[in-house]
Amino acid sequence: MLPLDGDAPGPWTHGLTRDYGEKFVHVKNPYLASLDEDILYHLDLGTKTHNLPEMFGDVKFVCVGGSPNRMKAFALFMHKELGLDESGEDIKDICAGTDRYCMYKTGSVLSISHGMGIPSISIMLHELIKLLHHARCYDVTIIRIGTSGGIGIAPGSVVITDTAVDSFFKPRFEQAILDNIVTRSTELDKELAEELFNCSKEIPNFPTLIGHTMCTYDFYEGQGRLDGALCCFSREKKLDYLKRAYRAGIRNIEMESTVFAAMCGLCGLKAAVVCVTLLDRLECDQINLAHDVLVEYQQRPQLLISKFIKQRLGFHSQTS
Ligand code: R2B
Ligand code: URA
């Protein structure tokens, strides 16, 4: 295996954070500083067309999640929870000029959709991290909120990821760069995970645990499902794989956490992954929850993050 590229000094990383304090969001690309203009194409934003420091300089919390509707709902919910105004009518999609991703800002909270899977979240993260860098944001916490399949835990449980692992149960993200595979670490911020877990204890009837999260390139064969258009393994093999995953400390499966952990870690963002489980993969493959149950489950990560942000901002006595 190639060495991790982490913070190893070299021509491509050396000195790039020199002018910035530890707490600034940093990019690790020597070419960026020489760009006359940086167009964040998939976000429909740019350094010449938008005053990024004015628009985003006060951002302290970034929440990302797959679905545009969910991330809009989260922004409106946060807006209300922060007591900014009742209607939230002034909350508009900042990326309305593109239908790739959506983005909403309320106070110091930014809410962005990332679509499904590693390639989709990776494109969004490149542009988001550059955005936070151009806007000179500092002390930023970033959290992915999403859904997942549980392993050996009750549906509706919220899993806070301590380490994101790949399909081989390894804490790594392998990125093909030119014709090399570069292996990056997928460690997440342990203190942040603990802080979120402590927060969850204050919400009644809110089953939460800390565990490893497995990130796959596919929802069907990649997660050992027997119900895709293709399946070339037996039920026994599937269960053997998922039980080994459980014994390795994996409690849920989703499709973005490894690249999210790797990219945020390299760029100085304190990052967490909080996903609700929709089913127990030791029991079934299909998601057959009633609509209202699904909606309630999907709100759980949002509820936890709103509690966490309010606590960080000093809204201690309020409950929701
Ligand atoms: C969780 O849910 C999506 C697949 O249904 C995927 O984006 C993920 O990580
Ligand atoms: N998301 C996933 O990636 N897998 C599941 O089983 C459920 C949601």
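Only this structure's heavy atoms are used, side chains among them; waters, hydrogens and symmetry mates stay out. Ligands are counted one by one from 1 in listed order, and the atoms in each one are counted from 1 as well.
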Report yes or no: is the cationic atom of R225 (NZ for Lys, CZ for Arg) under 6.0 Å from the centre of the six-membered ring of F219, at an angle within 45° of the ring normal?
-> yes
Pairwise side-chain contact, K72 with D93, heavy-atom cut-off 4.5 Å (strictly under) = no
Would R235 and D285 pass as an ion pair if we require N to O under 4.0 Å?
-> no
For the side chain of D280 and the backbone of G152, is there at least one donor-acceptor N/O pair under 3.5 Å apart?
-> yes
So does D36 pair up with K48, basic N to acidic O under 4.0 Å?
-> yes
Quick one, list the residues around ligand 2 where some non-hydrogen atom comes in under 4.0 Å, by chain and residue number.
-> T147, S148, G149, F219, Q223, R225, I253, E254, M255, L279, I287
Can you produce the list of protein nitrogen or oxygen atoms under 3.5 Å from a nitrogen or oxygen of ligand 1, alongside each distance?
unit_1	atom_1	unit_2	atom_2	d
ligand 1	2 (O)	T147	OG1	3.2
ligand 1	7 (O)	E256	OE2	2.7
ligand 1	9 (O)	R144	NH2	3.2
ligand 1	9 (O)	M255	N	2.8
ligand 1	9 (O)	E256	OE1	2.5
ligand 1	9 (O)	E256	OE2	3.4

Could you please spell out the steps behind the side-chain hydrogen bond (donor to acceptor under 3.5 Å, both in side chains) verdict for E195 and Q311?
-> CA-CA 10 Å; E195 192 177 343; Q311 242 179 48; over 6 Å; no
Hey, are E194 and K190 close enough for a salt bridge, meaning a charged N less than 4.0 Å from a carboxylate O?
-> no
How about M78 and L84: do any of their side-chain heavy atoms sit closer than 4.5 Å?
-> no
Please indicate whether Y41 has more than 12 foreign heavy atoms, meaning atoms of other residues, nucleotides or ligands, lying under 6.0 Å from its OH.
-> no
